[in-house]
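Below is one structure, written out as structure tokens; comments come after it.
Along the sequence shown, residues carry numbers from 1. Remember, predicted model here, so these are calculated numbers, not experimental data.
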Amino acid sequence: MGNIEQTIIDSIKSDDPSFNGDGYTSLAVVYATLSIANWITPPILSKIGSKMAMVVGAMTYCIFITSFLWPQTLLLYIASLILGVGAALIWTGQGMYLTKCSDESTISRNSGIFWATLQMSMFFGNLLVFYLFQDKTHIDKETRVLVFAIMIGVTITGIASLCTLKPQNEASVILEDEIPDVQQTPKQAFVSATHLFVTKNILLLTVPFIYTGLALSFFSGVYGASIGFTNALGEQAKQLVGLNGVFIGVGEVLGGVVFGLLGKRTIIWGREPIIIAGLIIHAMSYFLIYLNLPDSAPFGDTNEVGYFKPPIASVAILCSFLLGLGDACYNTQILSILGGVFTKKSAEAFAIFKFAQSVAAAISFVYSSYFLLGTQLAILLVSSVTGTVCFCIVERSTKQSCT
């Protein structure tokens, strides 16, 4: 939905001039709400547990997608607000559940498997969009409704699947005594989260957390829209929005699978090589995007071109793959270090991660409506370098403390 929201809304406005919603603003509301809601999720999880948090959170995704069947400006932003709260529940809940199902020797593997499975949505969802958006410069109402109906059906199936999970106290008998999350009172959980936030390692990790939020907003909302708005790509521009999402998904899934298989190796080598690989991959993609697309691409349909004249569709899709692969490098290792190092405070650690990431994503979606593409890419490059350095400092310090 994030990949196609701005493109879809652009078509809705053409059909209904009274509709004044904006995709970037909607996503900014989602992530701003998510950032605030993350501070109340540890107390909630201490009461209802991680499984129920995931189920309730998933329901809000269904509400958000359903709201597009009746496009109303106010409804769009209310649904975005609800989704922000639900996203905080599901992300913190699944982070805590993943930690309780893992130990230090399996957390990297399990993080990779989790990330690959999660990102399959990028592959299948956008493959559907690529097929349905074929030869369309305007996404008509019938096509939009069909896309939303299919997504709603998949979401309901996902909610049913979450209901079949084992309760968290049965998920890992071995680790149960080591992880006191569910024994905390709501007040204790909140205080614990604030205390953890000001520790040295978490403050350092906040920098890569922020970078993943900036990158998330770019590849999930801005980049796909920029491709669709570049008229020099021809009639295939709108169709490429879906193909862009497919190849982001391919990169994400490939990264998750590879890093899942390398889980045991990660314990030996450390997490730094994978994070550094993510930096190199993303830097390459940002450089190619800067050359291939015009600066004005994020703002709407444009006849301008970048340094490649005309822009090359295959390069645009290659960058999609690189964005996904690099993002998998960062996120699998962040999940791994949080689950491996902050085992006893998993709910708090994942809540802080999503807080920092969501604040960054919200800010990014706000400035995406004003900053040229080159400026956005420069911000991403600088934050990726600083985030990688900070992550490596924490990784080395934790390895030294264990030896």
Problem set entry | Value rounded to 0.5 Å, distance of OG1 in T41 from CE in M96 | 10.5 Å
For this session: Using a 4.5 Å cut-off on heavy atoms from C-beta on, say whether the side chain of Y286 contacts that of I379.
Result: no
Problem set entry | CZ/F64: more than 12 non-hydrogen atoms of other groups inside 6.0 Å | yes
For this session: Verify, without hydrogens or angle tests, whether T164 (side chain) and S161 (backbone) share a donor-acceptor contact under 3.5 angstrom.
Result: yes
Exercise. Would T73 and Y77 satisfy side chain to side chain contact (heavy atoms under 4.5 Å, CB included), going step by step from the backbone distance to the final call?
Worked result: CA-CA 7 Å; T73 304; Y77 295 134; 3.6 Å; yes
Exercise. How far apart are the closest heavy atoms of G21 and I9, and which atoms are they?
Worked result: O-CG2, 3.3 Å
For this session: Tell me, with the steps shown, if F365 and T25 meet side chain to side chain contact (heavy atoms under 4.5 Å, CB included).
Result: CA-CA 7 Å; F365 277 121; T25 304; over 6 Å; no
For this session: Mark yes or no for whether K51, through its side chain, and L165, through its backbone, hold a donor-acceptor pair below 3.5 Å.
Result: yes
Exercise. Below 4.5 Å, heavy atoms only, C-beta onward: do L27 and S217 meet side chain to side chain?
Worked result: no
For this session: For the residue pair V257 and L254, establish whether any side-chain heavy-atom pair is separated by less than 4.5 Å.
Result: no
Problem set entry | Side-chain heavy atoms of I8 within contact of K13, under 4.5 Å | no
Exercise. Side chains of Q94 and S50: donor-acceptor distance under 3.5 Å anywhere?
Worked result: no
Problem set entry | Nearest heavy atoms of D295 and G374, plus distance in Å | OD1-N, 2.8 Å
For this session: Would you check, one step at a time, whether the test side chain to side chain contact (heavy atoms under 4.5 Å, CB included) holds for T33 with S80?
Result: CA-CA 8 Å; T33 308; S80 300; over 6 Å; no
Exercise. Run the ring-ring contact (aromatic ring centres under 6.0 Å, His included) check on Y330 and Y211 step by step: do they pass?
Worked result: CA-CA 9 Å; Y330 280 96; Y211 171 64; 5.0 Å; yes
For this session: Indicate yes or no: at least one non-hydrogen side-chain atom of L216 is less than 4.5 angstrom from one of D327.
Result: no
Exercise. So does F19 have more than 12 non-hydrogen atoms from other groups sitting under 6.0 Å from CZ?
Worked result: yes
Seminar exercise, completed: Note: A87 and T60 closest approach over all heavy atoms is N-OG1, 4.2 Å
Problem set entry | Backbone N/O of H195 and side chain of T199: donor-acceptor pair under 3.5 Å | no
Problem set entry | Euclidean distance, T66 OG1 relative to M151 CE, rounded to 0.5 Å | 12.0 Å
For this session: Please answer whether the main-chain N or O of L323 pairs with a side-chain N or O of H282 as donor and acceptor at a distance below 3.5 Å.
Result: yes
Problem set entry | Flag for R144-S11: side-chain donor and acceptor within less than 3.5 Å | no
Exercise. I289 versus L373: any side-chain heavy-atom pair under 4.5 Å?
Worked result: yes
Seminar exercise, completed: Rounding to 0.5 Å, atoms CZ (F219) and SG (C319) come to a distance of 14.0 Å
For this session: Please confirm whether the backbone N or O of E304 pairs with a side-chain atom of T302, one donor and one acceptor, at under 3.5 Å?
Result: yes
For this session: State whether a side-chain donor-acceptor pair under 3.5 Å links S358 with S35.
Result: no
Problem set entry | Atom pair CZ/OH of F350 and Y97 - distance to nearest 0.5 Å | 14.5 Å
For this session: Please test F218 against S364 for side chain to side chain contact (heavy atoms under 4.5 Å, CB included), starting from the C-alpha separation and ending with a verdict.
Result: CA-CA 8 Å; F218 181 75; S364 178; 5.5 Å; no
Exercise. So, for I90 and G57, which heavy atoms are closest and what is the spacing to 0.1 Å?
Worked result: CB-CA, 4.2 Å
For this session: Indicate yes or no: at least one non-hydrogen side-chain atom of I202 is less than 4.5 angstrom from one of F353.
Result: no
Exercise. Is the ring centre of F197 less than 6.0 Å from the ring centre of W39?
Worked result: yes
For this session: Kindly check if the number of other-residue, nucleotide or ligand heavy atoms within 6.0 Å of CE (M1) is above 12?
Result: yes
For this session: Side-chain contact test, heavy atoms from C-beta onward, threshold under 4.5 Å: evaluate it for F391 versus I334 and give yes or no.
Result: yes
Problem set entry | OG1 on T155 to CD1 on I159, rounded to 0.5 Å | 6.5 Å
For this session: Using distance alone, with no hydrogens and no angle criterion, decide if S102 and N110 have a side-chain donor and acceptor under 3.5 Å apart.
Result: yes
Exercise. Within the distance-only criterion (no hydrogens, no angle test), does the side chain of E395 pair as donor or acceptor with the backbone N or O of R271 below 3.5 angstrom?
Worked result: yes
For this session: Ignoring hydrogens and angles, tell me if any N or O in the side chain of S384 forms a donor-acceptor pair with the backbone of L279 under 3.5 Å.
Result: no
Exercise. With no hydrogens and no angle check, is any side-chain donor or acceptor of N244 less than 3.5 Å from a backbone partner on L240?
Worked result: no
Problem set entry | Distance (rounded to the nearest 0.5 Å) between C392 SG and I276 CD1 | 4.5 Å
For this session: Assign the ring pair W91 / W115 to parallel, tilted or perpendicular, where the plane angle (0 to 90°) is split at 30° and 60°.
Result: tilted
Exercise. So, S226 side chain and V222 main chain: donor-acceptor pair closer than 3.5 Å or not?
Worked result: yes
Problem set entry | N/O donor-acceptor pair under 3.5 Å between N292 side chain and I312 backbone | yes
Exercise. Can you name the nearest heavy-atom pair linking P71 to D16, along with the distance?
Worked result: O-OD2, 4.4 Å
For this session: Could you tell me which non-hydrogen atom of F299 sits nearest to which non-hydrogen atom of F371, and how far apart they are?
Result: CZ-O, 3.2 Å
